[in-house]
Amino acid sequence: MRTSQFPLNTVKETPADAEIASHQLMLRAGLIRKLAAGLYTWLPLGLRVLRKVEKITREEMDKAGGLEVLMPALQPAELWQETGRWEKYGPELARLKDRHDRDFCLGPTHEEIITDLARNEIKSYKELPLMYYQIQTKFRDEIRPRFGIMRSREFIMKDAYSFHLTQESLQQTYNVMYQAYCNVFNRLGLKFRAVIADSGSIGGAVSHEFHVLADSGEDAIAFSTESAYAANVEKAQALAPDTARAQPQQAMSRLHTPNQHTIEEVCRFLDIAPQQCLKTLIVRGAEAGSLVALLLRGDHELNEIKAEKLDTIATPLQFATEAEIDAACGCKPGSIGPVGLPINIIADYSVMVLADFACGANEDGYHLTGVNWLRDLPEPSQIADIRTVVEGDPSPDGLGRITLARGIEVGHIFQLGTKYSAAMKADIVNEDGKNQTMIMGCYGIGVSRVVAAAIEQNHDDKGIIWPLSLAPFQVALCPMNLHKSERLQAAAEQIYQDMLKAGIEVLFDDRKVRAGFMFSDIELIGIPHRVVLGDRGLDTNTAEYKARNQEATMEIPLPELIGFLQARMA
RNA sequence: CGGGACGUAGCGCAGCUUGGUAGCGCACUUGCAUGGGGUGCAAGGGGUCGAAGGUUCAAAUCCUUUCGUCCCGACCA
């Protein structure tokens, strides 16, 4: 491709409303343009990258035994009503009516559609297991679209759905897909981790997320320093401490702590460490109108996902209002404590080993110190893991300690079970002639998000640094002052043709622009390999080579150029 | 949806407080020079100042409404 026929829509200025590197660079490099909030047009250069992600994904899905289909983006409400998600999904589901006043939605995902397909098309258990997949545009009316392509309202997703007769069969396909996902992200040249995940609103038991590692990632992931353990912090288990509770040393005393509410304030006021403090949060209980107190160590954070899974707590998790707290505890939120608290208490494991701790006195402006279990208050009826892990916690598998990193979720695989197939009566007659609900798995890759994530992970102050497999072009051919030298024109044209013949995806920059301008453009759009041609080089029969991710340049004899590049790209 | 901010040329911004009919940089067009790191000089083209209503002799500027966008919080590939 020649730049004279493939305009690079690069811009020097950073658009004001782009916050993160990938968003800024995608706009500046001319990969995308915004149409409206969360809606983007893919320009020719960007589309080339997107297609590469699709291609690799498609190849690995085919290899894993998937059958490609294409389902409508517009979906009838009836199917969503069957699973109850028409009501449950909330405003993120973009609903609309057709001219006959019938309800439809723009598909944010396709479980209902695929389950409908499966129940109609899969006739015999002998066809199982079976996996369909598609690469489709999804629509989610995000509350707050942001970060460009990273969290847009319309996005491209590869979603796959598998159908099984047995859990063993599902597990088998799940394992195959796990490996297929690793293959995809390895081939894309991205640093990633598969982590144990919460299955969220989609449902199901076993689930892994695939994260591209990047400091700007929206998700925190926890992994072990010693073992392969990795989990989303939402899910990462905090083990019960193995240390014993110390013997009480202090007497319990009630101290006046005017206007000290947060852990930080109370600790500073009383001159104690947050680890010696106990944090009491009040949430709604599962029973209507009931409240539950959650106890955490002062330096720990409540993990809402863990808490919400407990039977006694309302789902979704809701914090009690100040009025409710006042009615139940007789004080405001900053002064609550478990001593004499008249409501049900759930304690995190870590608070059970505390001795001589501080907590609210259930009276505005007062805290207790030197509090001890059994002596001053009974042990709580329920002890559970309700906190978010922190750096240095022991790894749940017993090997090593937890360390935290940021990640961008680009893939998620779930063992759905029968959540959708049961609701939609996707039954099949099994070997014994009995009706059986099919078991399902589902597997997603955020195809368009991968592009943004790749940039987030691979860029510098000059622009994007594409991994070779994602690059819109593999090589940039940059002749200097092409218009001034017929000799150079001939040589450049020949080299360009040779590269095309060798199957190299080359961008021939034949614009009449200055060297610095050209180099800046090529670096901004992130072409991995750059070949500079000049009259000077022709005198010595060499070209200058530079890799985007390295500083040094090399002189390459022209006859060896193609071979050299091929070796570099192998 | 709650909290904050912003809409002036394709992009980035000034002008608004104190009304007087719009400006700068980049980009674009043309010419000359330059020619290995976003080059210089000169000449151009491009804006119903987000929209509607109001106040006024006069509104980008003041008032009201409305639409859009971005940032901070609850959702997710």
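- Note: CG (A:Asn9) to P (B:C28) measures 12 Å, nearest angstrom.
- For the pair A:Leu488 CG and B:G35 P, the computed distance is 16 Å after rounding to whole Å.
- Nucleotides B:C57 and B:C72 have their C1' atoms positioned 46 Å apart, rounded to a whole Å.
- Residue A:Ala37 places its side chain closer to B:U69 than to any other of B:U69, B:C1, B:G25.
- A salt bridge between A:Arg151 and A:Glu218 is present, with a side-chain N of the basic residue lying under 4.0 Å from a carboxylate O of the acidic one.
- Using a 4.0 Å heavy-atom distance criterion, A:Met157 is classed as a sugar-phosphate-only contact.
- Residue A:Glu92 has its side chain nearest to B:C75 when only B:G12, B:C75, B:A77 are considered.
- In this structure, the CD1 atom of A:Ile20 is 13 Å from the P atom of B:C70, given to the nearest Å.
- At a threshold of 4.0 angstrom between heavy atoms, the contacts of A:Asn481 include nucleobase atoms, whether or not backbone atoms are also involved.
- When only modelled atom types and interatomic distance are considered, A:Glu264 and A:Thr262 share no side-chain donor-acceptor pair under 3.5 Å.
- Contacts of A:Tyr161 classified as ring-ring contact (aromatic ring centres under 6.0 Å, His included), with partners at least two apart in sequence or in another chain: none.
- Applying the side chain to side chain contact (heavy atoms under 4.5 Å, CB included) test to A:Ala454 and every residue at least two apart in sequence or in another chain returns A:Leu190, A:Trp466, A:Leu470.
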side-chain contact (heavy atoms from CB on, under 4.5 Å) assessment of A:Leu93 paired with A:Trp80: CA-CA 11 Å; A:Leu93 183 66; A:Trp80 286 76; 4.2 Å; yes
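- Residues A:Asn303 and A:Glu234 have side chains that never bring a donor and an acceptor to within less than 3.5 angstrom of each other.
- Side-chain N/O atoms of A:Arg151 and base N/O atoms of B:C76 include a donor-acceptor pair closer than 3.5 Å.
- Taking the ring axis of A:Trp86 as reference, the NZ or CZ atom of A:Arg95 stays within 45° of it and closer than 6.0 Å to the ring centre.
- Using a 4.0 Å heavy-atom cutoff across all strands shown, A:Val532 reaches at least one base atom of the nucleic acid.
- Here the separation of B:U17 from B:G73, taken at their C1' atoms, is 33 Å to the nearest Å.
- For residues 517-537 of chain A, the pairs satisfying ring-ring contact (aromatic ring centres under 6.0 Å, His included) are A:His529-A:Tyr545, with sequence neighbours left out.
- Out of B:C70, B:C76, B:A77, the shortest distance to the side chain of A:Glu409 is found at B:A77.
- Within 4.0 Å of A:His211, counting heavy atoms only, lies no atom of the nucleic acid at all.
- The residue among A:Ile149 and A:Val513 whose nearest nucleotide of RNA chain B lies closer to the 5′ end is A:Val513.
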Under 4.0 Å protein heavy-atom contact, by nucleotide of nucleotides 37-47 of chain B - B base, S sugar-phosphate only: BBB--------
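- Taking atom CD1 of A:Ile305 as the reference point, atom P of B:A74 lies 12 Å away to the nearest angstrom.
- Side-chain atoms of A:Ser22 and A:His459 form no donor-acceptor pair, as typed in the model, at a separation below 3.5 Å.
- The same atom, P, is picked in B:A14 and in B:A77; the two are 39 Å apart, to the nearest Å.
- Here B:G73 is the nucleotide among B:G12, B:G73, B:C76 with the atom lying nearest to any side-chain atom of A:Arg144.
- Each of A:Ala36 and A:Leu533 was matched to the nucleotide of RNA chain B holding its nearest heavy atom; the match closer to the 5' end belongs to A:Leu533.
- Spacing between atom NE2 of A:His412 and atom P of B:C75 amounts to 15 Å, rounded to whole angstrom units.
- When Watson-Crick and G-U wobble pairs are counted only if both distances are under 3.5 Å, B:C32 pairs with B:G40.
- Nucleotide B:G2 forms a pair with B:C72, judged by Watson-Crick or G-U wobble geometry with both contacts under 3.5 Å.
- Here the side chain of A:Glu218 is nearest to one of B:G12, B:C71, B:C75, namely B:C75.
- Scanning all heavy atoms of the two residues, the minimum distance from A:Leu507 to A:Arg2 falls at CD1-C, 4.5 Å.
- Among the heavy atoms of the strands, none lies under 4.0 Å from A:Ser448.
- Under a cutoff of 6.0 Å and an axis angle of 45°, A:Arg140 and A:Phe155 do not form a cation-pi pair.
- Pairing partner, B:A58: none, since no Watson-Crick or wobble contact has both distances short of 3.5 Å.
- For A:Tyr178, the ring-ring contact (aromatic ring centres under 6.0 Å, His included) partners are A:His208, A:Phe210, not counting sequence neighbours.
- Regarding A:Leu8, its CG atom lies at a distance of 15 Å from the C1' atom of B:A27, rounded to whole Å.
- For the contact set between residues 42-57 of chain A and RNA chain B, defined by any heavy atom under 4.0 Å, there are no members.
- Within 4.0 Å of A:Lys138, counting heavy atoms only, lies no atom of the nucleic acid at all.
- The phosphate of B:G35 has neither OP1 nor OP2 within less than 4.0 Å of any side-chain N or O from A:Lys512.
- Among the nucleotides B:C71, B:U69, B:C1, the one closest to the side chain of A:Arg146 is B:C71.
- For the C1' atoms, the distance from B:C28 to B:G10 is 9 Å, rounded to whole Å.
- Among the protein residues, A:Glu142 comes within range of the nucleic acid bases, having at least one heavy atom under 4.0 Å from a base atom.
- A gap of 36 Å separates the C1' atoms of B:U34 and B:G15, to the nearest Å.
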